[in-house]
> 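Here it is, the structure, as structure tokens.
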Amino acid sequence: MLKEQLAEDLHRYHHGVGNAVTSRALEYTLRISGKELRDLVNALRREGIPIASDQSGYFYAKTETEVRLTIRHMRNRISGISAAITGLRRSLAAFDDTQIRLPLEGGDDF
């Protein structure tokens, strides 16, 4: 229900980058946490609903360019997270206590 309400509100009142709304305002309006809002936005995007975002907030994309800019921003975030994971993996050497460690299935450490 909230997911549909969010999509409808963004489409009706926040259509296009010029009408972006902050996360805080949406959280207040929908009475949800920031994490809940991000989860709803993620679910809508997975369904193909063009919920875009930039530094000014969330909005229902009006143009292809708005969607492409959101995709670029998300890719940059992925790159940053990947670099942080690489750095953390390098830091594991400081914790090496010469014990033999078996990698977990899938190559992840946790």
Side-chain angles (χ1 to χ4, degrees):
M1 179 66 178
L2 272 178
K3 186 172 65 168
E4 291 77 15
Q5 180 184 350
L6 174 60
E8 184 178 322
D9 286 354
L10 288 172
H11 189 264
R12 181 176 292 163
Y13 304 111
H14 305 286
H15 200 213
V17 67
N19 296 305
V21 61
T22 65
S23 174
R24 184 174 294 251
L26 287 172
E27 292 164 29
Y28 179 80
T29 300
L30 298 172
R31 292 175 167 58
I32 58 175
S33 70
K35 182 187 180 333
E36 289 171 311
L37 177 61
R38 289 187 301 276
D39 289 347
L40 290 173
V41 168
N42 186 284
L44 289 168
R45 288 171 170 169
R46 287 172 180 245
E47 292 176 11
I49 307 300
I51 305 302
S53 59
D54 68 5
Q55 66 279 0
S56 59
Y58 291 106
F59 55 96
Y60 198 99
K62 195 177 203 176
T63 67
E64 177 183 336
T65 300
E66 292 173 345
V67 174
R68 290 188 181 281
L69 288 172
T70 299
I71 291 168
R72 184 183 330 162
H73 172 71
M74 293 172 79
R75 283 195 175 138
N76 288 339
R77 287 176 42 211
I78 290 169
S79 296
I81 291 168
S82 180
I85 290 170
T86 299
L88 285 170
R89 285 190 172 143
R90 281 195 317 265
S91 79
L92 289 172
F95 298 97
D96 187 8
D97 56 5
T98 66
Q99 245 183 341
I100 295 176
R101 296 191 179 121
L102 298 175
L104 297 175
E105 189 176 325
D108 291 328
D109 297 314
F110 289 98

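Counting from 1, the numbers follow the sequence of the chain as shown.
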> I'd like to know whether Leu88 forms a side chain to side chain contact (heavy atoms under 4.5 Å, CB included) with Leu92, so could you lay out the CA-CA distance, the side-chain angles of the two residues, the decisive distance to 0.1 Å, and finally the verdict.
CA-CA 7 Å; Leu88 285 170; Leu92 289 172; over 6 Å; no
> Applying a strict under-4.5 Å side-chain criterion to I, L, V, M, F, W and Y, I'd like to know whether Leu6 and Tyr58 cluster together.
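Per the 4.5 Å side-chain linkage, Leu6 and Tyr58 are co-clustered.
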> Considering the options Val41, Asp39, Ile49, Leu40, which one meets the side-chain contact (heavy atoms from CB on, under 4.5 Å) requirement together with Lys3?
Leu40
> Report yes or no: does Arg38 contribute a side-chain atom to a donor-acceptor pair with the main-chain N or O of Gly34 at less than 3.5 Å?
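Yes.
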> For residues Val21 and Ile32: do they belong to one hydrophobic cluster (side chain heavy atoms under 4.5 Å, members Ile, Leu, Val, Met, Phe, Trp, Tyr)?
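Same hydrophobic cluster.
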> Determine the minimum heavy-atom distance between Arg45 and Ile51, stating which atoms define it.
NE-O, 2.7 Å
> Could you tell me whether the side chain of Glu66 and the main chain of Val17 form a donor-acceptor pair under 3.5 Å?
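Pair found, side chain donor or acceptor close to backbone of Val17.
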> Using atom types as modelled and distance alone, determine if a side-chain donor or acceptor of Thr70 lies under 3.5 Å from a backbone N or O of Ser53.
yes
> Do the ring centers of Tyr60 and His15 come within less than 6.0 Å of each other?
yes
> Looking at Thr22 and Ser56, what are the two nearest heavy atoms and their distance?
CG2-O, 3.9 Å
> First locate atom CZ of Arg24, then atom OG1 of Thr29, and finally report the distance between them rounded to the nearest 0.5 Å.
12.5 Å
> Look at the side-chain heavy atoms of Ile, Leu, Val, Met, Phe, Trp and Tyr, link any pair under 4.5 Å apart, and say whether Leu26 and Leu44 land in one connected group.
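Per the 4.5 Å side-chain linkage, Leu26 and Leu44 are co-clustered.
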> Does the side chain of Leu30 reach to within under 4.5 Å of the side chain of Gln5, using non-hydrogen atoms?
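Yes, their side chains come closer than 4.5 Å.
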> With rounding to the nearest 0.5 angstrom, report the NZ to NE2 distance, Lys62 to His11.
10.0 Å
> Using 0.5 Å steps for rounding, measure from the CZ atom of Arg72 to the OG1 atom of Thr65.
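Those atoms lie 9.5 Å apart.
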> Report yes or no: do Asn42 and Arg46 form a side-chain donor-acceptor pair below 3.5 Å?
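Judged by distance alone, the side chains do pair up.
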> Would you find more than 12 non-hydrogen atoms of other residues, nucleotides or ligands less than 6.0 Å from Glu64 atom CD?
no
